[in-house]
Amino acid sequence: MDHDHYSDAYIGSILTEVKTVAIIGASANEARPSYFVMKYLLNKGFEVTPVNPGQAGKEILGQMTCASLAELPGPVDMVDIFRASAAVPGITDEILAMQTLPKVVWMQLTVRDDESAAQLEERGIRVVMDRCPKIEFGRLSHEIGWAGINSKTLSSRKPQLGNGFQSFGIRK
Amino acid sequence: MSQRIPGFETLAIHSGAQPDPATGARITPIYQTTAYVFNDTDHAASLFGLQAFGNIYTRIMNPTQAVLEERLAALEGGTAALAVASGHAAQMLVFHTIMTSGDNFISARRLYGGSINQFGHSFKNFGWEVRWADVDKPETISSQIDERTKAIFIESFANPAGFVTDIEAMAKIAHDHGIPLIVDNTMASPYLVRPIEHGADIVVRSLTKFLGGHGNSMGGVIVDGGTFDWSASDKYPMLSKPRDEYAGVVLHETFGNFAFAIACRVLGLRDLGPAIAPMNAFLILTGIETLALRMQRHCDNALAVAKHLKAHPKVEWVEYSGLEDHHNHALMKRYSPKGSGSVFTFGVKGGYEAGVKFVEGVEIISHLANIGDTRTLVIHPASTTHRQLTDEQRALAGAGNDVVRLSIGIENVDDIIADIDQALDKA
Ligand SMILES: Cc1ncc(COP(=O)(O)O)c(C=O)c1O
């Protein structure tokens, strides 16, 4: 996998196949980017479990927070990492110790660790680094264009409508 | 996992514009509405809190405008864009986002006259100081930069004579001092020059000119290059510090490499208010679809007219960078190999009187204050825009008594030349 350039097909297949997500570093502070992302993913129909030892046992956006990946109530399709790159090797060990491995490990903007990525990929886990799933979902659904942002996509086909007003989905 | 990168002409037609999902309308509708119905209060809260993408109120965003914005971001090679009511509004919002009272910025002296007024007079009321510099003498820029200097501003092709500026050299000076380079790309258009590829961090432009291209709509845009690190210093608190009006959100941290465009929208446009009309956004979008064809014809016609004028007995001089013996020609070729733009100046023999007679003698060429129309346009600055100045001041501003400025259109070039010739006969 070329981690400098992901194709839209690669990102799109991940965002349409994944149903359940654990967000490591989810914040209860509504001004934090992790809160933005969690709220957006919930709105798009993903099941999200926040992971944050400081918030363990409390709810964020109505979802019960776990202290660690080991304490997740069940398997998840994707682990989304909202922590500095330096924390990624430790988190990778935790992921590889999970009973059921996730299909995808996603690292947020500025988060990247190529050695960890190689370890995860060796176990068949797909990896995305230095990207934001909210931005990528917005880009591929084309919602992000409503904010004047360059989606870098062109299409003359029908956009996939989501629920309610002003909501698009990603075409499979 | 490389993907095909679409060409400029394809982006100019398709970027931002999907078919309407409800009706299949292929052309972007004119969303002539001021507001948008929320699903519920939570949806409303997400939109107001910047947590969801979507429209709230047309002073801040509109779906027709959004297609225009994405298309301009794509054409300039930026991460995002914000379209506003005019080129001047774009400049105001850019500076509002980076300046506070007591700050200064460096601007090229070679500039559109309206920008000289905006920077030199109106901005004073905000406590923003402009420091004029000579872009051909970079030391006049560096020597004026201090800890309150927030940016360098230049035009890619400078109004009125259309000289190209060495964008890469300007970007280096800006970045060596930890400040962004802002380029007004009005006169070149992204078909000829994409300043972000040469190191510019922000592009502003009047859409009123070549982008709309038909002289029918006012508009302006800010394009975010996504290249500048707003958090590297404390100079740009609108981007790098928590914003009280958004519950403590830090825009750069939250929106990454398109934070500048977002800040201009959710702080500047929201509070200062110069929104573009949806109808104008629509007309400009239509204009952009033919930008590549028009711009090439503009350039080809301009070169033919400039060569003709150069050989004309009633013409004293021609300032067009497309002419091979022009002092700006080598730099122009480097930045804009496809053409040298369509706006340039020439001198009529006989000074002020001859200049007046020329502009009053044209038939199909329009005597008016604008550039970048399908029609050929002419103005005699000394008797119009620069009338109030002394002879010396006019000469310094490049608007001497014999100066005539042309904006060559896309009519049949023989007809443009014939009209010029008959008007020169009368001059
Ligand atoms: C180079 C340049 N920049 C900015 C502007 C201002 O644009 P607007 O008239 O759309 O406010 C103009 C207008 O003539 C211009 O020529």
Side-chain angles (χ1 to χ4, degrees), chain A residues 1-11 29-44 61-62 108-110 130-132 134-135 137-139 141-169 171, chain B residues 1-3 6 10-11 13-22 24 26 36-40 42-43 46-47 49-55 61 63 65-70 72-74 77-83 224 226 242-243 246-250 253-258 261-262 265:
Chain A
M1 176 55 52
D2 171 3
H3 289 289
D4 294 318
H5 308 276
Y6 300 115
S7 72
D8 289 352
Y10 178 69
I11 299 283
N29 177 349
E30 64 172 273
R32 303 300 303 155
S34 61
Y35 187 93
F36 277 44
V37 168
M38 182 170 166
K39 186 161 187 183
Y40 187 80
L41 293 179
L42 284 169
N43 274 330
K44 289 297 168 198
L61 285 160
Q108 287 286 329
L109 284 176
T110 74
D130 193 19
R131 291 287 180 113
C132 171
K134 178 185 172 191
I135 292 174
F137 196 104
R139 217 169 57 72
S141 67
H142 206 258
E143 280 188 3
I144 207 165
W146 295 331
I149 296 157
N150 188 358
S151 71
K152 300 196 171 132
T153 63
L154 304 181
S155 172
S156 288
R157 294 172 63 188
K158 180 181 182 287
Q160 194 87 18
L161 282 175
N163 293 330
F165 293 121
Q166 304 203 55
S167 176
F168 282 162
R171 199 187 304 116
Chain B
M1 306 202 72
S2 67
Q3 292 184 169
T10 309
L11 294 175
I13 292 167
H14 287 284
S15 283
Q18 295 184 295
D20 178 65
R26 187 63 194 87
Y36 309 83
V37 174
F38 305 120
N39 294 322
D40 48 38
D42 187 53
H43 181 218
S46 293
L47 288 169
L50 309 177
Q51 291 155 346
F53 302 112
N55 301 283
M61 72 286 272
Q65 168 192 344
V67 175
L68 175 63
E69 290 166 342
E70 187 177 350
L72 290 163
T79 52
L82 174 65
D224 186 346
R243 296 306 302 180
Y246 288 105
V249 168
V250 179
E253 176 191 47
T254 307
F255 294 104
N257 67 359
F258 47 83
I262 298 281
R265 183 192 305 278

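None of these values were measured; they are calculated from a predicted model. In what follows, every chain begins at residue 1, and chains take the letters A, B, ... in the order their sequences are listed.
Scanning both residues, A/Phe36 and B/Gly49, for their nearest heavy atoms gives CZ-O, 3.5 Å.
Heavy atoms of B/Ala74 lying under 4.5 Å from chain A belong to its backbone as well as its side chain. Neither the backbone nor the side chain of B/Ala83 comes within less than 4.5 Å of any heavy atom in chain A. Interface residue A/Arg157: only backbone heavy atoms are found under 4.5 Å from chain B. Both the backbone and the side chain of B/Ser15 come within less than 4.5 Å of a heavy atom in chain A. Both the backbone and the side chain of B/Pro19 come within less than 4.5 Å of a heavy atom of chain A.
More than 12 heavy atoms of other residues, nucleotides or ligands lie within 6.0 Å of CZ in B/Arg26, so this atom counts as buried by the packing criterion. In A/Asn163, the CG atom is not crowded: 12 or fewer heavy atoms of neighbouring residues, nucleotides or ligands sit closer than 6.0 Å.
A/Tyr35 OH to B/Thr254 OG1: the interatomic distance, rounded to the nearest 0.5 Å, is 13.5 Å.
Note: B/Asn55 leads B/Val249, B/Thr79, B/Asn55 in heavy-atom pairs under 4.5 Å with chain A. Between chain A and the options B/Val250, B/Leu50, B/Asn257, heavy-atom pairs under 4.5 Å are most frequent for B/Leu50. In terms of heavy-atom pairs under 4.5 Å with chain B, the best-connected choice from A/Lys152, A/Lys158, A/Gln166, A/Glu30 is A/Gln166. When each of B/Glu70, B/Arg265, B/His14, B/Arg243 is scored by its heavy-atom pairs under 4.5 Å with chain A, the top score falls to B/Glu70. When each of B/Leu82, B/Val37, B/Leu68 is checked for heavy-atom pairs under 4.5 Å with chain A, B/Val37 comes out on top. Comparing A/Ser167, A/Gly164, A/Ser151 by heavy-atom pairs within less than 4.5 Å of chain B, the highest count is held by A/Ser151. When the candidates B/Ser46, B/Ala17, B/Gly24 are compared by the number of heavy-atom contacts under 4.5 Å with chain A, B/Ser46 comes out ahead. Between chain B and the residues A/Gly148, A/Ala147, A/Gly145, the most heavy-atom pairs under 4.5 angstrom are made by A/Gly148.
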| request: Could you walk me through whether A/Ile149 and B/Ile262 pass the side-chain contact (heavy atoms from CB on, under 4.5 Å) test, one step at a time? | output: CA-CA 9 Å; A/Ile149 296 157; B/Ile262 298 281; 4.2 Å; yes
| field | Verdict with supporting geometry, B/Phe255 and A/Ile135, side-chain contact (heavy atoms from CB on, under 4.5 Å) | value | CA-CA 9 Å; B/Phe255 294 104; A/Ile135 292 174; over 6 Å; no
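Within the 4.5 Å cutoff, side-chain heavy atoms of A/Lys39 are placed close to those of B/Asp42. In this structure the side chain of B/Phe258 never reaches within 4.5 angstrom of the side chain of A/Asn150, judged on heavy atoms. Under the 4.5 Å side-chain criterion, counting only non-hydrogen atoms from C-beta, A/Leu154 is in contact with B/Leu11.
Taking the centre of each ring, A/Tyr40 and B/Phe53 come in below the 6.0 Å mark.
Under 3.5 Å, the side chains of A/Ser156 and B/Gln18 contain no donor-acceptor pair of N or O atoms.
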